[in-house]
Amino acid sequence: LAYLTDLLTEIFTAKPEALKSGDKVAVDEVLDHGSMPELVRYLAERKVNSLSYQSISDIDDYFSKRLKLQLFDTSEEKDMLVLAVEVRNLLTHNDGIINKRFIKKAPGGPYVLGEQLTMKGEWVSLGLDLGFLVLAIDEKAVQKFSLHAESIPSDWPLSARNETEPPRPMSVPPSGS
């Protein structure tokens with residue numbers, strides 16, 4: 001989620017026109033900023049902050065409808081990110097003990113209520129898949145919005161991926177793993 005809000009900040013900074021909307025801005029909010037760049041920064045921060053509390057589906061809708069940028073090529077990619085966010089929330093807020101909220105929101109079940117979620121090899125694979133997903137989203141955003149892109153060193157392990165073949169399928173770890 002932090003990655004997507006950071007990406008939005010970059011997009012709004014590079015292309016302030018992406019902020020155009022019917023949202024209301026109070027006159028005092030406008031006058032509180034000494035320059036147009038300051039106001040744009042403020043409006044970008046306000047929009048990013050409001051989106052950061054939304055669901056992955058809501059953020060995906062914003063990217064696709066407002067910015068015309070498809071974050072996910074498949075429903076499996078979206079499910080993978082939803083699962084990662086829900087696992088993070090479960091580990092952070094419930095000591096990894098599976099609760100009703102997790103069962104309701106996390107794809108890839110069935111999960112057992114009250115069971116401890118353990119991090120094993122399948123979860124490491126999910127982390128790598130998320131890395132590939134971030135790279136794919138970055139490539140799309142860089143092209144669409146002419147963002148500055150850092151090059152990946154050729155000796156970085158993930159850069160060895162064969163670009164002529166589609167990326168390997170992304171999978172959701174099985175329950176109890």
Side-chain angles (χ1 to χ4, degrees), residues 1-14 18-19 21 23 44-145 147 149-150 152 156-158 161 166-177:
L1 214 47
Y3 161 73
L4 293 177
T5 57
D6 288 349
L7 178 60
L8 271 173
T9 301
E10 253 191 83
I11 290 169
F12 292 151
T13 301
L19 279 166
S21 72
D23 293 351
E45 185 176 296
R46 187 174 86 165
K47 176 52 80 179
V48 167
N49 187 48
S50 73
L51 286 169
S52 70
Y53 293 100
Q54 302 298 312
S55 69
I56 296 296
S57 290
D58 292 338
I59 293 170
D60 182 36
D61 285 347
Y62 183 85
F63 270 91
S64 63
K65 290 177 183 165
R66 292 293 312 278
L67 302 176
K68 307 292 185 230
L69 180 69
Q70 257 340 100
L71 293 178
F72 309 107
D73 293 329
T74 66
S75 61
E76 289 80 16
E77 289 178 350
K78 187 175 181 179
D79 286 349
M80 180 180 54
L81 186 56
V82 168
L83 179 62
V85 168
E86 292 307 320
V87 166
R88 177 255 175 224
N89 290 342
L90 189 72
L91 293 172
T92 303
H93 303 294
N94 208 43
D95 293 327
I97 306 296
I98 296 172
N99 56 22
K100 289 179 182 178
R101 176 187 166 97
F102 182 81
I103 290 171
K104 180 180 177 187
K105 292 188 168 224
Y111 300 102
V112 179
L113 185 64
E115 189 174 283
Q116 177 84 40
L117 188 70
T118 56
M119 307 312 303
K120 294 185 179 173
E122 294 88 1
W123 296 103
V124 172
S125 177
L126 175 65
L128 289 172
D129 286 343
L130 285 169
F132 284 121
L133 178 59
V134 165
L135 288 174
I137 293 170
D138 262 355
E139 288 171 8
K140 291 180 207 177
V142 164
Q143 286 181 340
K144 178 155 184 70
F145 298 103
L147 302 176
E150 296 290 329
I152 298 173
W156 193 57
L158 293 180
R161 170 177 109 189
R168 64 187 177 86
M170 298 182 190
S171 60
V172 173
S175 171
S177 295

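Predicted model only: the values in this text are computed from it and were never measured.
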Just how far is it from atom [atom1] of [X] to atom [atom2] of [Y], taken to the nearest 0.5 Å?
X: Glu77; Y: Met80; atom1: CD; atom2: CE; answer: 6.0 Å
X: Ser52; Y: Leu4; atom1: OG; atom2: CG; answer: 11.0 Å
X: Leu130; Y: Leu126; atom1: CG; atom2: CG; answer: 4.5 Å
X: Asp138; Y: Gln143; atom1: CG; atom2: CD; answer: 11.0 Å
X: Leu69; Y: Ser64; atom1: CG; atom2: OG; answer: 8.5 Å

Does anything in residues 88-98 pair up under salt bridge (Lys or Arg N to Asp or Glu O under 4.0 Å), and if so which pairs, sequence neighbours excluded?
none
Taking salt bridge (Lys or Arg N to Asp or Glu O under 4.0 Å) as the cut-off, I'd like each qualifying pair that reaches into residues 50-72, sequence neighbours left out, listed once.
Asp60-Lys78
Given side chains that start at C-beta, do those of [X] and [Y] come closer than 4.5 Å, heavy atoms only?
X: Ile97; Y: Leu113; answer: no
X: Val48; Y: Glu45; answer: no
X: Glu10; Y: Thr13; answer: no
X: Tyr53; Y: Thr5; answer: no
X: Asp73; Y: Lys140; answer: yes
X: Phe63; Y: Ile137; answer: no
X: Ile98; Y: Leu90; answer: yes
X: Asp79; Y: Phe72; answer: no

Within 6.0 Å of CZ in Arg46, more than 12 heavy atoms from elsewhere:
yes
Do the side-chain N and O atoms of Asn99 and Tyr111 include a donor-acceptor pair separated by under 3.5 angstrom?
no
Partners passing ring pair (Phe, Tyr, Trp, His ring centres under 6.0 Å) against Tyr62 (at least two apart in sequence or in another chain):
none
Which atom pair, heavy atoms only, marks the closest approach of [X] to [Y]?
X: Pro107; Y: Leu83; value: O-CD1, 3.7 Å
X: Ala18; Y: Leu67; value: CB-CD2, 3.8 Å
X: Trp123; Y: Leu117; value: CZ2-CD1, 3.8 Å

Check: Lys47 side chain, Leu19 main-chain N or O, donor-acceptor pair, under 3.5 Å:
no
